[in-house]
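Okay, so here's the structure we're looking at.
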Amino acid sequence: MKNIKDYNIDDLKKELEALGEKPFRAEQIFKWLYIDKVKSFDEMTNISLELRKTLKENYDICNFKIAKKLESVDGTKKYLFELSDGNAIESVLMEYHFGKTVCVSSQVGCKMGCKFCASTGIPFERSLSSGEIVEQIIAIEQDTQSKISNVVFMGIGEPFDNYDNVLNAIKILNNPKGLNIGARHISISTSGIVPKIYALADENVQCTLSISLHSSNNETRSSMMPINNAYNIQELIKACKYYIQKTNKRISFEYALAKDNNDNLKDAEDLVKLLKGMLCHVNLIPINKIENGKYTKSSLENIIKFRDYLNDNGITATIRRELGSDINAACGQLRRTNLKISKN
Ligand code: SAH
């Protein structure tokens, strides 16, 4: 059965027209789904009984069950959601001074195999549908009775390995008569799937693009991220330059600092050379050690030195605040702790 939350407003209008209905019904259904957040068609009381019946015959409303919820001392919440097929994903709610941000998953598992990331080593099951991406936000808004202002695609999965559904989910999130989360409040983070950087540049979506760079030399980057063997740093930067030129938007480069791996002064110098002149920002993340992982955090002193070197040499850099590390909800710690929700 089709999930009604998979449709953006234009596509839902087309669906309804195909069922012989007036397109304005789509607006009513959107309000029920994204403002009132109903869980069944029966609650859509301004829709005729007949249409409700047709809708029930043709669509499901995907509603996630919270299988587990953990709360950090800093207020960060991690959710384990059960999907309708028994798979599970994690999402994280973070509180910032500018509002509430949800870090969403885009896939059940991940194929990228980054050596420092806890999502590596769990089997890849499938990509999430647009509705399943959007549902993470709806479920958290309902659970917390609050409004989410920002969304980052930095949970489990590679968003550019699920490009169409991610972009469609953004359209659904954007709807001013729905969740009303503007594209400027949405970030997509990629390990560097180059063709999709070009595609996004040509798309005219106002979201922020983050690139997981982590090193400015190919040898080190390939040892951390296998994707670098398919698209190396030079190809990646060329695509980023195209993106900036096309969109006039600043790119955010993520750089997780691991002791004696990518955190020396030489690495900072190489990074400056690589990014010089680009409209960009560097987000430094103290790497989070994962179970059996070989990378350990740089010292804070070293991270500050690294940041200052970048700033002194014309590359704006900030150190990312670490949230939720006590509940394994910090960067790279999400791993779908329960692989499958037991059905019995
Ligand atoms: N697949 C996407 C999005 C998910 S990861 C991507 O690669 O960008 C979100 C961010 O967390 C990425 O920048 C990723 O490199 C970073 N990350 C992963 N594991 C980490 C760890 N152990 N410590 C710090 N950051 C990590």
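All ligand and atom numbering here is 1-based and tracks the order in the structure. Remember, predicted model here, so these are calculated numbers, not experimental data.
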(message) At less than 4.0 angstrom from any non-hydrogen atom of C117, what atoms of ligand 1 do you find?
(response)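 Matching atoms, with element in brackets: 18 (C), 19 (N).
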(message) Within the 4.0 Å heavy-atom shell around S191, which atoms of ligand 1 are there?
(response)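 Those of ligand 1 that fall under 4.0 Å from S191 are 6 (C), 7 (O), 8 (O).
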Pair [X] + [Y], salt bridge at N-O below 4.0 Å:
X    : Y    : result
D143 : K77  : no
D308 : K305 : no
D10  : K14  : no
K2   : D60  : no
K5   : E135 : yes
E27  : K31  : no
K68  : E82  : no
K56  : D42  : yes

(request) Would you check the N or O atoms of I287, main chain and side chain alike, for any that come under 3.5 Å of an N or O of ligand 1? (result)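 No; every N/O pair is 3.5 Å or more apart.
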(message) Below 3.5 Å, N or O to N or O, backbone or side chain included: is there any such pair between G157 and ligand 1?
(response)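 Among all N and O atoms of G157, at least one is under 3.5 Å from an N or O of ligand 1.
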Options [options], ranked by nearest heavy atom to [atom], top entry:
atom                    : options                : value
atom 15 (O) of ligand 1 : E254, K297, E158, H214 : H214
atom 6 (C) of ligand 1  : S325, S212, A118, A256 : S212
atom 4 (C) of ligand 1  : A330, G192, G155, S210 : G155
atom 23 (N) of ligand 1 : T120, I290, N288       : N288

(request) Would you please determine whether G293 falls within less than 4.0 Å of ligand 1 on a heavy-atom basis? (result)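 For ligand 1, residue contact (heavy atoms, under 4.0 Å) with G293 is absent.
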Measure the distance from [atom] to every protein heavy atom, then report the residue, atom name and distance (to 0.1 Å) of the closest one.
atom                    : result
atom 20 (C) of ligand 1 : G332 CA, 3.3 Å
atom 21 (C) of ligand 1 : C331 O, 3.3 Å
atom 2 (C) of ligand 1  : S189 O, 3.3 Å
atom 9 (C) of ligand 1  : M154 O, 3.5 Å

(message) For the backbone of N313 and the side chain of K276, can you confirm whether one donor and one acceptor N or O come within less than 3.5 Å of each other?
(response)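 Yes.
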(message) I need the contact type for T190 against ligand 1. Using non-hydrogen atoms and a strict under-4.0 Å cut-off, is it side chain, backbone, both or neither?
(response)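 The part of T190 near ligand 1 is the backbone, not the side chain.
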